[in-house]
Amino acid sequence: MLYKTETELMKKAQEAIGKTFNEIDQHDRLGKGQKGGFGHIIEESHFGYEINSNAEPDFKELGIELKVTAFKKNKNGTISAKERLVLNIINYMEEVCEQFETSSFWRKNQKLLLMFYEWQTELERGEFHIIETILYKYPEEDLIIIKKDWEHIVNKIKAGEAHLLSEGDTQYLGACTKGANKSTVRQQPYSDILAPQRAFSLKQSYMTSIMREYITKEKLTYFSSKKELLEKTIEELLYERFVPYIGLTQKEMAARLDVPYNSKNKAFIPKIISSLLGVKGTKLDQIAEFAKANIQFKTVQLKQSGIPKEHMSFVNINFKQIVEEDWEDSYIRNYFLETQLLFVVFQLNEQDELVFKGIKLWHMPMETIENGVLGYWEEIRNVVNEGVQFEITKRGIKNNLPDVKFNGILHVRPKGRNAADKTELPDGQLITKQSYWLNAEYVANILNEVR
DNA sequence: GCATGATCATGC
DNA sequence: GCATGATCATGC
């Protein structure tokens with residue numbers, strides 16, 4: 001079946017909206033023991049063409065690649081991409097010979113026919129519905145960044161460091177591992193070290209923003225202009241925006257940016273940030289560059305010694321999940337792989353005022369994730385699997401989860417409404433809600449190079 | 001003065 | 001009511 005125009009193809013695509021995969025599948029691909037994903041079902045049964053794995057786009061006459069991808073509903077009513085969108089495998093030997101315009105990524109993926117289905121854990125796979133379908137062309141602002149990401153990946157291969165590629169290195173376009181297992185490796189041109197096989201991918205955060213734009217109709221705001229993006233990286237633009245305020249107290253910053261100041265209420269800090277970025281009134285998670293690249297901001301208060309006043313908390317641990325997940329798809333690994341933190345750093349001066357010191361855009365190095373964080377994750381699982389031991393002390397209820405001294409990177413500590421705010425462990429015991437915290441000393445080391 | 005259990009404030 | 005970012009409080 002040939003589709004001659006985009007309109008014709010999209011008309012056909014839209015016929016799938018509202019259908020389940022069971023209704024679409026004509027080749028019993030959902031039956032027991034059958035492999036192959038939803039993409040295969042749509043290709044074969046809905047569009048009626050042969051499955052291939054060419055370097056060319058699926059609908060090659062139109063230069064359109066088909067992708068079937070899932071979103072899930074969050075507890076708060078928003079939606080998120082279930083996963084990153086995995087594109088073509090990177091041939092390290094060949095990609096380095098290309099320009100962006102002739103690259104395998106661009107040739108295959110410049111126009112994407114995206115079909116979104118909702119992932120619902122309580123349903124059988126065949127019961128999932130196609131909810132929306134769109135012909136996606138990258139907005140100009142995004143394409144500038146994607147091109148830089150591609151160049152970053154290729155430059156790393158050119159430096160003989162294909163084995164050191166990491167998803168956290170780039171903003172929207174990533175190089176994610178793809179293979180049967182860790183031993184799936186490939187040759188690289190400028191080093192003898194075999195590198196894990198990787199594919200180009202659109203990051204989960206980037207996919208989430210597409211889905212929110214088209215499914216729940218959310219609008220994002222860019223803080224940077226196309227012109228600026230052409231000349232500078234997001235990181236450079238951020239520094240540029242923040243630099244004029246270095247040395248000012250929080251109160252002075254608020255005054256200069258015309259934001260109401262209240263030393264008791266830290267909510268004015270996000271307001272200061274959106275204001276100095278030039279998008280006053282926009283919530284930080286509605287800033288396009290932040291949402292798409294998954295940049296989360298964190299304020300840090302340094303004591304005069306340069307050590308943060310407090311450890312830094314993250315999400316609460318789901319203990320039932322952590323004992324069941326594999327490391328490769330564990331929550332904490334993915335969080336640090338896919339999240340960039342924007343540290344907004346203040347330091348207490350002699351008058352006990354908080355003075356703006358600078359920012360740092362940071363992601364956790366792969367090595368730290370695969371050693372330190374992995375070790376900590378394993379230890380939590382060990383303790384939970386053996387049954388957490390509690391001890392009542394004068395200061396409260398103590399548990400035997402690995403503490404702040406375990407590896408100098410992160411630890412687990414209570415975080416809830418109060419000590420009675422509890423969650424269930426896999427063995428049925430109750431425990432005060434616990435969160436991951438990055439150790440203050442570790443954060444201090446990260447911030448050594450704050451500009 | 002840190003370690004660590006407990007708690008606050010806010011937004012949705 | 002809950003998640004999240006942030007901070008308090010005190011025994012050691």
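Summarising the geometry, the separation between CD on A:Glu310 and C1' on B:dT4 is reported as 11 Å, rounded to the nearest angstrom. Whole-Å rounding puts the A:Gln296 CD to C:dA3 P distance at 17 Å. C:dT7 atom P lies 6 Å from atom NZ of A:Lys309, rounded to whole Å. In this structure, the CD1 atom of A:Ile269 is 16 Å from the P atom of B:dA9, given to the nearest Å. Atom P of nucleotide C:dA3 and atom CG of A:Asp285 are separated by 18 Å, given to the nearest angstrom. Distance CD1 (A:Ile307) to C1' (B:dG1): 12 Å, rounded to an integer number of Å. Following rounding to the nearest Å, A:His311 (NE2) and B:dG1 (C1') show an atom-to-atom distance of 12 Å. Rounded to whole angstrom, the span from the CG atom of A:Asp403 across to the P atom of B:dA6 amounts to 15 Å.
Ring centroid separation for the pair A:Tyr172 and A:Tyr138 does not come in under the 6.0 Å cut-off.
Comparing A:Lys394 and A:Phe314 by the nucleotide of DNA chain C whose heavy atom lies nearest to each, the residue mapping closer to the 5' end is A:Phe314. Summary of the strand contacts: A:Thr299 and A:Arg395 both lie near DNA chain C, and taking for each the nucleotide with the nearest heavy atom, the more 5' one is attributed to A:Thr299. For A:Lys271 and A:Lys303, each mapped to the nucleotide of DNA chain B holding its nearest heavy atom, the one lying further toward the 5' end belongs to A:Lys303.
Contact check, A:Lys283 against B:dG11: no side-chain N or O comes under 4.0 Å of OP1 or OP2. One finds no side-chain N or O of A:Thr393 lying less than 4.0 angstrom from the OP1 or OP2 phosphate oxygen of C:dG11. OP1 or OP2 of B:dG5 lies within a sub-4.0 Å distance of a side-chain N or O belonging to A:Lys398. Using a 4.0 Å cut-off, no side-chain N or O of A:Gln301 falls inside it from OP1 or OP2 of C:dA6.
A:Lys82 forms a cation-pi arrangement with A:Trp119, by the criterion of a distance under 6.0 Å to the ring centre and an angle within 45° of the ring axis. At least one test fails for A:Arg241 against the ring of A:Phe223: distance under 6.0 Å to the centre or angle within 45° of the axis.
The aromatic rings of A:Phe100 and A:Phe105 sit tilted, their planes meeting at an angle between 30° and 60°.
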task = Using the side-chain hydrogen bond (donor to acceptor under 3.5 Å, both in side chains) rule, take A:Asn349 and A:Gln347 through it: C-alpha gap first, then chi angles, then the decisive distance, then the call.
result = CA-CA 6 Å; A:Asn349 66 12; A:Gln347 187 160 26; over 6 Å; no
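With A:Leu113 as the fixed residue, the side-chain contact (heavy atoms from CB on, under 4.5 Å) test singles out one of A:Met10, A:Lys12, A:Lys67: A:Met10. Of the listed residues (A:Tyr245, A:Phe343, A:Phe346), just one forms a ring pair (Phe, Tyr, Trp, His ring centres under 6.0 Å) with A:Phe356, and that residue is A:Phe346.
DNA chain C lies under 4.0 Å from at least one heavy atom of each of the following residues of residues 407-443 of chain A: A:Arg413, A:Lys415, A:Lys433, A:Trp437.
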